Peer 1: 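Mind looking over this structure? Questions follow.
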Amino acid sequence: GVLERISYPLLTALLRVPRWLVVVLLATAFTLGLIQTGDLAWLGGVLLGLVALFLGWLLALAWPALTPGRRMIRLVTVVAALGVAILKFQGRF
């Protein structure tokens, strides 16, 4: 489909990067997003939004190959990250 065709160059570039580096960057963005409060809460929202966007993109690509249970777990993870990002933008978390 269209998403796969658009994603192909990004995925090939991502495969050239060491897997541990992707995990460390994602975990760092998630952690920094969670700890930003006060005047920097918006930055936490941006970081968590980027994490949610990345995980959502991977979920969309993997969707056809996943079982319903795995789809649900991954979808809940993306929605939770997005929800916390929204709360950060509102200054409530």
Side-chain angles (χ1 to χ4, degrees):
V2 175
L3 181 62
E4 292 85 359
R5 193 169 48 249
I6 293 170
S7 298
Y8 184 75
L10 297 170
L11 286 171
T12 55
L14 193 60
L15 288 173
R16 287 189 216 119
V17 177
R19 187 170 290 164
W20 65 267
L21 183 59
V22 174
V23 172
V24 167
L25 291 175
L26 195 61
T28 301
F30 182 75
T31 303
L32 288 175
L34 286 177
I35 65 172
Q36 299 304 320
T37 58
D39 292 339
L40 291 177
W42 66 270
L43 180 59
V46 169
L47 291 170
L48 291 170
L50 289 172
V51 169
L53 182 67
F54 181 74
L55 294 176
W57 172 61
L58 291 179
L59 174 61
L61 290 173
W63 191 268
L66 296 174
T67 63
R70 289 176 188 237
R71 287 177 183 169
M72 189 57 63
I73 290 170
R74 292 178 187 193
L75 185 61
V76 166
T77 303
V78 172
V79 170
L82 192 58
V84 175
I86 291 169
L87 290 175
K88 286 285 189 176
F89 279 121
Q90 294 175 343
R92 300 167 87 192
F93 186 73

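Owing to the predicted nature of the structure, the values given are computational and were not obtained by experimental measurement.
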Peer 1: Quick one: closest heavy-atom pair of Leu59 and Arg71, and the distance?
Peer 2: CD1-O, 4.4 Å
Peer 1: Name all residues meeting the ring pair (Phe, Tyr, Trp, His ring centres under 6.0 Å) criterion together with Phe30; count only those two or more places apart in sequence or in a different chain, and write none if there are none.
Peer 2: none
Peer 1: Ignoring hydrogens and geometry, is there a side-chain-to-backbone donor-acceptor pair from Glu4 to Gly1 under 3.5 Å?
Peer 2: yes
Peer 1: So which heavy atom on Ile6 is nearest to which on Pro9, and how close?
Peer 2: O-CD, 3.3 Å
Peer 1: Determine whether Leu50 and Ile35 fall in the same hydrophobic cluster, where Ile, Leu, Val, Met, Phe, Trp and Tyr are linked whenever their side-chain heavy atoms lie under 4.5 Å apart.
Peer 2: yes
Peer 1: Report yes if the side chains of Leu47 and Leu34 come closer than 4.5 Å at any heavy-atom pair, otherwise no.
Peer 2: no
Peer 1: State the CG-CG distance between Leu26 and Leu55, to the nearest 0.5 angstrom.
Peer 2: 5.5 Å
Peer 1: Heavy-atom count around Phe89 CZ within 6.0 Å, excluding the residue itself: above 12?
Peer 2: yes
Peer 1: Please name the pair of heavy atoms, one in Arg74 and one in Ala62, separated by the smallest distance, quoted to 0.1 Å.
Peer 2: NH1-CB, 4.4 Å
Peer 1: At their closest point, which heavy atom of Ala52 faces which heavy atom of Val78, and how far apart are they?
Peer 2: O-CG1, 3.8 Å
Peer 1: Pick out which of Leu25, Leu32, Thr31 makes a side chain to side chain contact (heavy atoms under 4.5 Å, CB included) with Thr28.
Peer 2: Leu32
Peer 1: After noting the C-alpha distance and the side-chain angles of Trp57 and Leu11, does the key distance pass the side chain to side chain contact (heavy atoms under 4.5 Å, CB included) rule?
Peer 2: CA-CA 11 Å; Trp57 172 61; Leu11 286 171; 3.6 Å; yes
Peer 1: Linking I/L/V/M/F/W/Y whenever their side-chain heavy atoms sit closer than 4.5 Å, directly or via other members, would Val84 and Ile86 fall into one cluster?
Peer 2: no
Peer 1: Between Phe54 and Leu48, is there a shared hydrophobic cluster once you connect ILVMFWY residues whose side-chain heavy atoms come closer than 4.5 Å?
Peer 2: yes
Peer 1: Are Val23 and Val51 grouped together when hydrophobic residues (ILVMFWY) are joined by side-chain heavy atoms under 4.5 angstrom apart?
Peer 2: no
Peer 1: Taking everything shown except Trp42 itself, do over 12 heavy atoms lie less than 6.0 Å from its CH2?
Peer 2: no
Peer 1: Ignoring hydrogens, what is the shortest heavy-atom contact between Ser7 and Leu61? Give both atom names and the distance.
Peer 2: OG-CD2, 3.8 Å
Peer 1: Could you see if Leu58 belongs to whatever hydrophobic cluster contains Leu21? Use Ile, Leu, Val, Met, Phe, Trp, Tyr and a side-chain cutoff under 4.5 Å.
Peer 2: yes
Peer 1: Can you tell me how far CE of Met72 sits from CG of Leu66, rounded to the nearest 0.5 angstrom?
Peer 2: 12.0 Å
